[in-house]
Amino acid sequence: MKILFAASECVPFIKTGGLADVVGALSPVLRERGHDVRVILPLYAAIPEKYTKDMKLECEFEVELCWRRQYCGIKSLVYQGVTFYFVDNNYYFGRPYIYGLGGDEYERFGFFSRAVIDALVHLDFRPDVVHCHDWQTGMIPALLKIQYAHFPFYQDMKTVYTIHNLQYQGVFPIKAVQDTLGLGDSLFTADKLECYGCANYMKAGLVYADELTTVSPSYADEIQTAFYGERLDGLLRARKDQLSGILNGIDINDYDPAKDPMIYANYDPYHLGGKEYCKQELQKELGLNVDPKAPLVGIISRLSNQKGLDLVECVIRELMGTGIQLVVLGMGEAKYTNLFSWAESEYPGRLAARFAMNHQLAHRIYAGSDMFLMPSQFEPCGLSQMIALRYGSVPIVRETGGLRDTVLSYNKFTDAGNGFSFFNYNAHDMLHTVRRAVHYYKNNREVWYKLIVRGMTGDYSWFSSAGKYIELYEKVIRPVTEFHLAQEAAAKEAKAEEVPFVEAAPDAPAAPETPAAEEPAPAIAETPAKEAPDAPAAEAAPEAPAKPKRAPRRKKAEEAPAAPATEEAPEAPAKPKRAPRRKKAEEAPAAPAAEEAPAKPKRAPRRKKAEEAPAAPAAEEAPAKPKRAPRKKKTETAE
């Protein structure tokens, strides 16, 4: 299977968050499974020279952006057996930043999206699946369906779109996006690219991609609610059948305390002396008091509200009152850099903050810390808690997204769990959980070492997750006819399973009686039509159901010979209940007969004349109804 990853960052070339780790770690695992996996990303100026000097120029062409054309070069580099393509345009990507400062992000990543599609023809690489990551590549599925679907090269090319963080959607003015990608007004509606009056790159991917994924099962459920859905929850609920959550993994070779060259000493789950040494050296490096008994808590995070740092702000004094040492590493909002700068001066020797992206220091904090704090407001997956578990740092997390899927709070009754967690987004709930962890650290070392070993021996690799992605790719490229055949086969199997129950039904006595009871009704209607040509007496049969004076006629039949009745019996063998009905009419008064056919009042005069004997004149006067008065007279005599 041919798979192309399109992303805005990837380790080891460029990284600002977990997206780079996912793309860089998943692609080699899929290649090891025997698939042709390639990755394409922008050629940023920040990519180290040790990689750029080995890149090879594959092709050059121009990318059409509405009324203008921009240069595009494609360079390649093979790393860990995977081919990486880099989109080269110095105007868009030769800047000293990765995201967000130029005000033209819609144009930068609109160019990148179209360049990815156009490059496939020049590279002569036709992937079965294009796997797009986050809003920066959201326009790729939309452009493929809207502008490229009629080209034979792009037909049957499927797309998978992964949401790494729904909060960042790529929202821009509609006119600016139209001026870049040449999309008509008809596409900017609520069911397509428009979102609350703007163009939305992430929504484009959600609408037009064949399959959608998120980076954890819990997050896939959460984003279908209004609280986590970021105003796209309705669309996600509408596409829930195409939405799945696949938990991220980590590169277990890069994050392996037994052979990590960036930490002070190596160790494994059953030889933890190296971890104690790492803690001691970390305290020295950061200017903390060297105290092996003080619980050291680490935070490695982007400094923002999403990461729950407002909870830390609310109870910073109470947290430090538990006797912990705190180490913070990250970059972000000035609000939190100011907070931790103040706290560092307020608690010298107990709190250290470093506002930088330092990969080596991050490894050392994972190895040297006793606990790792992640009180996130929401967390699509989170890799830090898995890395902390891998290095024997017990996580303290809020139960949301991927944190809920990877960290099980310790239960003293069942002795299960690998960390500590709280559910409500509340500062004092977090504070109580930290106190609980500190209690076990200080007073129950047996349980504490058990938590360390469980965390270090857990499976956080991409092995199982890669298998789920392969299943998803196979599902999306499977022809529609195969789905129909599979459904028909399933339906046949279901019917085959139901056959024993259908065959058992005729054994019941009620089954044959039901059709027999329903058949006489149509037979009664059909029989008079057959008797009509036989005799004049038979003419009375079709009129009988509508005549009110049926009983008197039967009375005449009693005075006359019974031959006509006997003649009707053999002619209508299918009417077994007709004779009993007449018998009942003889026993009952004439009132029921009147109820049966109130619409025929003419039969009574004919019968009365037949009783008096002169039959011929009565037959001529019957149509004109001259005998109404005699009929009343008969009723008087009858009374």
Side-chain angles (χ1 to χ4, degrees), residues 4-17 19-20 23-24 27 38-79 82-125 130 132-140 142-144 147-148 168 170-173 175-183 199 201 204 331 357 359:
L4 177 69
F5 280 18
S8 59
E9 56 185 87
C10 174
V11 294
F13 309 107
I14 193 74
K15 175 182 176 179
T16 63
L19 167 62
V23 177
S27 51
R38 307 184 191 186
V39 182
I40 189 167
L41 65 152
L43 182 60
Y44 298 105
I47 295 178
E49 184 182 357
K50 65 179 181 180
Y51 299 117
T52 58
K53 65 183 180 64
D54 295 328
M55 293 180 184
K56 181 179 69 172
L57 181 64
E58 294 287 344
C59 58
E60 294 177 307
F61 55 93
E62 288 185 337
V63 173
E64 184 176 340
L65 296 180
C66 201
W67 51 269
R68 57 199 177 279
R69 292 175 177 270
Q70 296 286 9
Y71 166 82
C72 178
I74 302 296
K75 296 184 177 181
S76 65
L77 176 68
V78 178
Y79 180 79
V82 178
T83 300
F84 290 85
Y85 296 118
F86 297 86
V87 176
D88 181 22
N89 182 291
N90 194 56
Y91 173 69
Y92 292 123
F93 305 122
R95 307 177 185 183
Y97 57 85
I98 308 302
Y99 304 123
L101 300 178
D104 62 346
E105 297 297 277
Y106 64 90
E107 186 174 343
R108 294 178 73 208
F109 292 102
F111 166 82
F112 176 67
S113 297
R114 192 176 292 282
V116 169
I117 300 173
D118 292 347
L120 297 177
V121 176
H122 295 278
L123 295 171
D124 195 23
F125 177 64
V130 180
C132 305
H133 297 265
D134 256 354
W135 73 264
Q136 293 88 352
T137 61
M139 275 296 175
I140 293 177
L143 294 175
L144 280 172
Q147 296 180 341
Y148 290 84
Y168 301 97
V171 179
F172 307 106
K175 293 299 182 183
V177 175
Q178 287 181 316
D179 186 62
T180 300
L181 298 174
L183 299 171
Y201 277 34
M331 298 175 64
M357 298 291 291
H359 193 55

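- Listed by first and then second residue, the salt bridge (Lys or Arg N to Asp or Glu O under 4.0 Å) pairs involving residues 83-99 are R95-D104 (not counting sequence neighbours).
- A115 and C72 get closest at one heavy-atom pair: CB-SG, 3.8 Å.
- For the pair I47 and F86, the minimum side-chain heavy-atom distance is below 4.5 Å.
- Rounded to the nearest 0.5 Å, atoms SG (C10) and CD1 (I14) are 10.5 Å apart.
- Note on residues 107-119: pairs passing salt bridge (Lys or Arg N to Asp or Glu O under 4.0 Å), not counting sequence neighbours, are R68-E107, E105-R108.
- Partners of Q136 according to the side-chain hydrogen bond (donor to acceptor under 3.5 Å, both in side chains) rule, which considers only residues two or more places apart in sequence or in another chain, do not exist here.
- To the nearest 0.5 Å, atoms CG (L4) and SG (C132) are separated by 8.0 Å.
- Side-chain atoms of Q70 do not come within 3.5 Å of backbone N or O of V63 as any donor-acceptor pair.
- In terms of the salt bridge (Lys or Arg N to Asp or Glu O under 4.0 Å) criterion, K75 has no residue partners (sequence neighbours excluded).
- Under the 4.5 Å side-chain criterion, counting only non-hydrogen atoms from C-beta, L41 is not in contact with S8.
- Partners of Y97 by ring-ring contact (aromatic ring centres under 6.0 Å, His included), not counting sequence neighbours: none found.
- The ring-ring contact (aromatic ring centres under 6.0 Å, His included) test applied to F111 returns Y92, not counting sequence neighbours.
- Ring planes of F125 and Y85: tilted class, angle from 30 to 60°.
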Practice task
Tell me, with the steps shown, if I117 and L144 meet side-chain contact (heavy atoms from CB on, under 4.5 Å).
Solution key: CA-CA 8 Å; I117 300 173; L144 280 172; 3.9 Å; yes

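- Using a 4.5 Å heavy-atom cutoff, the side chains of F5 and R38 are not in contact.
- Using a 4.5 Å heavy-atom cutoff, the side chains of Q147 and L183 are in contact.
- Minimum heavy-atom separation, C59 to H122: SG-CB, 3.7 Å.
- Scanning all heavy atoms of the two residues, the minimum distance from S27 to G24 falls at OG-O, 3.8 Å.
- For Y71, there are no ring-ring contact (aromatic ring centres under 6.0 Å, His included) partners two or more places apart in sequence or in a different chain.
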Practice task
Show your reasoning for whether side-chain contact (heavy atoms from CB on, under 4.5 Å) applies to H133 and V23.
Solution key: CA-CA 9 Å; H133 297 265; V23 177; 4.2 Å; yes

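- I74 has its side chain within reach of V87: a pair of non-hydrogen atoms, C-beta onward, lies under 4.5 Å apart.
- Two residues are said to be in side-chain contact when any heavy atoms from C-beta on lie closer than 4.5 Å; L77 and F13 meet this criterion.
- A search for side chain to side chain contact (heavy atoms under 4.5 Å, CB included) contacts involving P12 returns Y51, Y79, not counting sequence neighbours.
- Qualifying salt bridge (Lys or Arg N to Asp or Glu O under 4.0 Å) partners for E60, counting only residues two or more places apart in sequence or in other chains: none.
- By the 4.5 Å heavy-atom criterion applied to side chains, I98 and F93 are not counted as neighbours.
- Remark: K50 engages no residue in a salt bridge (Lys or Arg N to Asp or Glu O under 4.0 Å) (not counting sequence neighbours).
- Separating the CE atom in M139 from the OG1 atom in T180 is a distance of 9.5 Å, to the nearest 0.5 Å.
- Not counting sequence neighbours, the partners of F172 by the ring-ring contact (aromatic ring centres under 6.0 Å, His included) test are Y106, W135, Y201.
- With sequence neighbours excluded, the residues that form a side chain to side chain contact (heavy atoms under 4.5 Å, CB included) with V11 are K15, A20, D21.
- To the nearest 0.5 Å, atom CG of residue D179 and atom CG of residue L181 are 9.5 Å apart.
- In this structure, L43 and N90 have side chains that are not in contact, with every pair of non-hydrogen atoms separated by 4.5 Å or more.
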